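Along the sequence shown, residues are numbered consecutively beginning with 1. None of the values given here were measured: they were computed from a predicted structure. Atoms within a ligand are numbered from 1 in the order they appear, just like the ligands themselves.
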Amino acid sequence: NYRCRSAFKLLEIDETHNILRPGISVIDCGAAPGAWSQVAVGRVNATGYDLDAPVGFVLGVDLLHIPPLDGAVFLPHSDLQELAVQARIQESLPAGEAQVILSDVAPNASGIRELDQQRLAELCFCVFELARRVLSPGGTLLCKFWDGTNSRLLHSRLTQLFREVKTLKPAASRKESSEVYYLAKYYRKS
Ligand code: SAM
């Protein structure tokens, strides 16, 4: 039972691209109400349910309250745009590192398309900064974006930071939405 339909987008992406595996540490940016974290907890074996597999770690961050979830650590009421929050995230991670960062972050829609895109682009850049701070070499970033004017800028920044960048449009996304996900693999830590 997932808390939100968005779980199916992550399941679909992970099915094809194998980004989550037992034992790794994952950050879920914009985690509320917690459906992606539910998927991540299962895939990384964060509860230790599979006794034969290594135990992973899931850290969810959101502006909003996130109902507790077995196997996940949550930082609610936390704005990813604040440096203090980024520092809290780093302190909360085992060894201060994550192998995967997931971002389904989205601003409250104002209805003005350009403005919403601009705000989401700013949030994406904050997630990239977080990656530079805590992502381990070779790590993966999955990041939601609304396709539009800033797409090329975000994409080119990602290609500087990662060896491989793909643009994904999950079937589970509503067809009419301009939502896409960037899947960036093999982080080049400098
Ligand atoms: N992936 C989630 C799930 O499956 O349950 C759904 C995420 S929802 C589409 C986007 C979330 O981004 C919202 O809960 C919102 O509060 C959060 N968000 C927006 N701006 C944020 C910010 N600056 N810092 C942290 N979270 C933010």
Chemist: Less than 3.5 Å apart, any donor N or O on the side chain of Asp70 or Thr47 sitting next to an acceptor on the other?
Modeler: no
Chemist: Please state which protein non-hydrogen atom is closest to atom 18 (N) of ligand 1 and give its distance, to 0.1 Å?
Modeler: Ala106 O, 3.9 Å
Chemist: For atom 14 (O) of ligand 1, state which one of Leu102, Asp62, Leu80 supplies the nearest heavy atom.
Modeler: Asp62
Chemist: Once you restrict to heavy atoms under 4.0 Å, what part of Ala31 touches ligand 1? Side chain, backbone, both or neither.
Modeler: backbone
Chemist: Do any heavy atoms of Pro33 fall under 4.0 Å from ligand 1?
Modeler: yes
Chemist: Please work out which of Gly60, Gly34, Ala35, Ala32 has its closest non-hydrogen atom nearest to atom 6 (C) of ligand 1.
Modeler: Ala32
Chemist: In terms of atom number and element, which parts of ligand 1 are under 4.0 angstrom from non-hydrogen atoms of Leu64?
Modeler: 14 (O), 16 (O)
Chemist: Would you say Val41 and Val100 are hydrophobically clustered, going by side-chain heavy atoms of ILVMFWY under 4.5 Å?
Modeler: yes
Chemist: Would you find a donor on one side and an acceptor on the other, under 3.5 Å apart, between the side chain of Glu129 and the backbone of Gln81?
Modeler: no
Chemist: Can you get from Phe74 to Val127 by hopping between Ile, Leu, Val, Met, Phe, Trp and Tyr side chains that sit under 4.5 Å apart?
Modeler: no
Chemist: Can you check whether Lys144's main-chain N or O pairs, donor with acceptor, with Glu179's side chain at less than 3.5 Å?
Modeler: no
Chemist: Which is it for Ser78 and ligand 1 at heavy atoms under 4.0 Å: side chain, backbone, both or neither?
Modeler: backbone
Chemist: What about Lys144: any of its N or O atoms under 3.5 Å from an N or O on ligand 1?
Modeler: no
Chemist: Any chance the side chains of Tyr181 and Lys169 put a donor and an acceptor closer than 3.5 Å?
Modeler: no
Chemist: Please report which non-hydrogen protein atom sits nearest to atom 7 (C) of ligand 1, along with the residue it belongs to and the distance in Å to one decimal place.
Modeler: Gly30 O, 3.1 Å
Chemist: On a heavy-atom basis, I'd like to know which of Leu120, Asp28, Asn108, Leu63 is closest to atom 22 (C) of ligand 1.
Modeler: Leu63
Chemist: Which heavy atom of the protein is the closest neighbour of atom 10 (C) of ligand 1, given with residue, atom name and distance?
Modeler: Asp104 O, 3.4 Å
Chemist: State, without any angle test, whether Glu114 and Gln118 hold a side-chain donor-acceptor pair at a distance under 3.5 Å.
Modeler: no
Chemist: Does the gap between the ring centers of Tyr186 and Phe162 come in under 6.0 Å?
Modeler: no
Chemist: Between Gln38 (side chain) and Arg3 (backbone), is there a donor-acceptor pair under 3.5 Å?
Modeler: yes
Chemist: May I ask you to identify the nearest protein heavy atom to atom 23 (N) of ligand 1, giving residue, atom name and distance to one decimal place in Å?
Modeler: Asp79 OD1, 2.8 Å
Chemist: For atom 4 (O) of ligand 1, find the nearest protein heavy atom and state the residue, atom name and distance (0.1 Å precision).
Modeler: Ser6 OG, 2.6 Å
Chemist: At under 4.0 Å between heavy atoms, which part of Leu10 makes contact with ligand 1: side chain, backbone, both or neither?
Modeler: neither
